[in-house]
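This report refers to the structure that appears directly beneath it.
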Amino acid sequence: MSAENIHLTSSEWHVMEFLWDHTPCTGREATSCLEKTMGWSRSTTLTLLRRLESKGAVASDTDHGKKSFRPLVKRDVAVLQETKHFLHRVYHGSLSLMVSSLTQKQALPQEEIDALYALLRELEEKHDVDMDH
């Protein structure tokens with residue numbers, strides 16, 4: 001399975017977040033931290049690590065009898081994939097529908113409005129340049 005096709009569950013996201021911040025790490029380090037932060041048992045964390053490994057999101061190496069884990073998927077790639085999956089699943093791929101939905105019930109701070117305008121101007125400029133070529 002390629003990085004572009006990996007879908008992470010909520011629990012897997014917690015494990016990946018730990019790995020992105022603590023790479024490489026042993027199973028013992030992961031289980032200790034996730035037991036404290038998530039309340040998970042050792043077997044739960046190890047099961048999630050094995051599942052992530054079988055998905056191709058994580059690799060493991062054994063050195064002197066210690067198994068260590070490292071992410072194979074970069075955080076920004078995983079975030080983009082999850083965002084696309086969410087956008088297609090909930091908003092049928094419509095970014096404008098998502099933004100409209102998010103802003104109907106809550107006011108956006110001026111900084112976010114300015115950032116959205118800047119992003120739209122940047123996208124429009126890029127679109128215009130692409131159309132010229």
Side-chain angles (χ1 to χ4, degrees):
M1 181 177 283
S2 71
E4 292 81 32
N5 296 324
I6 292 175
H7 175 67
L8 301 173
T9 66
S10 179
S11 296
E12 291 168 344
W13 264 102
H14 289 290
V15 174
M16 291 301 292
E17 289 286 356
F18 176 78
L19 290 176
W20 286 318
D21 291 339
H22 304 90
T23 297
C25 76
T26 64
R28 183 180 305 259
E29 291 167 333
T31 57
S32 176
C33 179
L34 293 168
E35 180 181 25
K36 290 175 190 165
T37 60
M38 302 300 298
W40 293 344
S41 69
R42 180 178 188 276
S43 64
T44 297
T45 299
L46 293 176
T47 297
L48 288 166
L49 284 166
R50 280 192 299 275
R51 194 163 71 192
L52 286 164
E53 195 170 11
S54 70
K55 283 184 172 187
V58 168
S60 66
D61 304 296
T62 303
D63 186 28
H64 301 301
K66 285 188 177 180
K67 193 170 187 176
S68 63
F69 297 88
R70 59 187 163 78
L72 292 177
V73 177
K74 292 183 178 181
R75 187 178 196 289
D76 60 339
V77 171
V79 167
L80 181 59
Q81 286 309 115
E82 286 300 311
T83 302
K84 285 180 179 179
H85 177 76
F86 174 77
L87 187 63
H88 286 284
R89 183 172 49 88
V90 178
Y91 295 100
H92 306 286
S94 173
L95 182 60
S96 60
L97 181 60
M98 183 181 80
V99 172
S100 174
S101 175
L102 291 171
T103 58
Q104 281 181 356
K105 298 289 182 189
Q106 64 185 35
L108 285 178
Q110 188 61 46
E111 310 87 63
E112 288 192 34
I113 292 170
D114 294 343
L116 284 171
Y117 272 124
L119 177 61
L120 289 171
R121 281 191 297 275
E122 185 179 311
L123 290 171
E124 188 173 52
E125 289 170 10
K126 183 180 182 223
H127 181 265
D128 290 344
V129 168
D130 289 345
M131 294 301 288
D132 289 341
H133 290 108

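Predicted model, so just to flag it, every value in this text is computed and none were measured.
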Mind checking the CE-OG1 spacing from Met16 to Thr9? Nearest 0.5 Å is all I need.
11.0 Å
Here the gap from Leu48 atom CG to Thr31 atom OG1, rounded to the nearest 0.5 Å, amounts to 12.0 Å
Counterpart residues, side chain to side chain contact (heavy atoms under 4.5 Å, CB included), relative to Thr47 (two or more places apart):
Arg50
How would you list, by chain and number, every residue that makes a side chain to side chain contact (heavy atoms under 4.5 Å, CB included) with Ser41, sequence neighbours excluded?
Ser43, Thr44
Only distances under 3.5 Å count here; give the side-chain donor-acceptor pairs of residues 90-101 to other protein atoms, sequence neighbours excluded, each with its distance to 0.1 Å.
{"unit_1": "Tyr91", "atom_1": "OH", "unit_2": "Ser101", "atom_2": "OG", "d": "3.3"}
{"unit_1": "Ser94", "atom_1": "OG", "unit_2": "Ser96", "atom_2": "OG", "d": "3.3"}
{"unit_1": "Ser94", "atom_1": "OG", "unit_2": "Leu97", "atom_2": "N", "d": "3.1"}
{"unit_1": "Ser100", "atom_1": "OG", "unit_2": "Gln104", "atom_2": "NE2", "d": "3.4"}

Can you name the side-chain hydrogen bond (donor to acceptor under 3.5 Å, both in side chains) partners of Glu124, sequence neighbours left out?
none
Any heavy-atom pair between the side chains of Val77 and Lys74 that's under 4.5 Å?
yes
Which residues pass the salt bridge (charged side-chain N to carboxylate O under 4.0 Å, His left out) test with Arg51, not counting sequence neighbours?
Glu12
Any donor-acceptor N/O pair, Glu29 side chain to Thr26 backbone, under 3.5 Å:
yes
Applying side-chain hydrogen bond (donor to acceptor under 3.5 Å, both in side chains) to Ser60 and not counting sequence neighbours gives Glu53
His85 meets the ring pair (Phe, Tyr, Trp, His ring centres under 6.0 Å) criterion, sequence neighbours left out, with His7
What is the minimum heavy-atom distance between Gly56 and Val73, and which atoms define it?
O-CG2, 4.2 Å
Kindly compute the distance separating CG (Leu72) from CG (Leu52), expressed to the nearest 0.5 Å.
10.0 Å
Enclosure of Gln110 CD (heavy-atom neighbours >12, cutoff 6.0 Å):
yes
Work out which heavy atom in Ala78 is nearest to a heavy atom in Leu8; give both atom names and the distance.
CB-CD1, 4.4 Å
Distance check, rounded to the nearest 0.5 Å: Trp40 atom CH2 versus Leu34 atom CG?
5.5 Å
For Leu119, the rest of its hydrophobic cluster, which grows through side-chain links under 4.5 angstrom
Leu123
Distance col, row Lys84:NZ vs Leu87:CG, nearest 0.5 angstrom, shows 10.0 Å
Scan residues 20-39 for pairs that pass ring pair (Phe, Tyr, Trp, His ring centres under 6.0 Å), counting only residues two or more places apart or in two chains.
Trp13-Trp20, Phe18-His22
Could you tell me the separation between the SG atom of Cys25 and the CG atom of Leu19, rounded to the nearest 0.5 Å?
5.0 Å
Residues which pass salt bridge (charged side-chain N to carboxylate O under 4.0 Å, His left out) with Asp61, listed by chain and number, not counting sequence neighbours
Arg70
Under the side-chain contact (heavy atoms from CB on, under 4.5 Å) rule, what do Leu49 and Leu46 come out as? Steps first, then yes or no, please.
CA-CA 5 Å; Leu49 284 166; Leu46 293 176; 4.2 Å; yes
Using the side-chain hydrogen bond (donor to acceptor under 3.5 Å, both in side chains) criterion, which residues pair with Arg42? Sequence neighbours excluded.
none
Arg75: partners by side-chain hydrogen bond (donor to acceptor under 3.5 Å, both in side chains), with sequence neighbours left out:
Glu17
Could you tell me if the side chain of Leu108 sits less than 4.5 Å from the side chain of Leu116, heavy atoms only?
yes
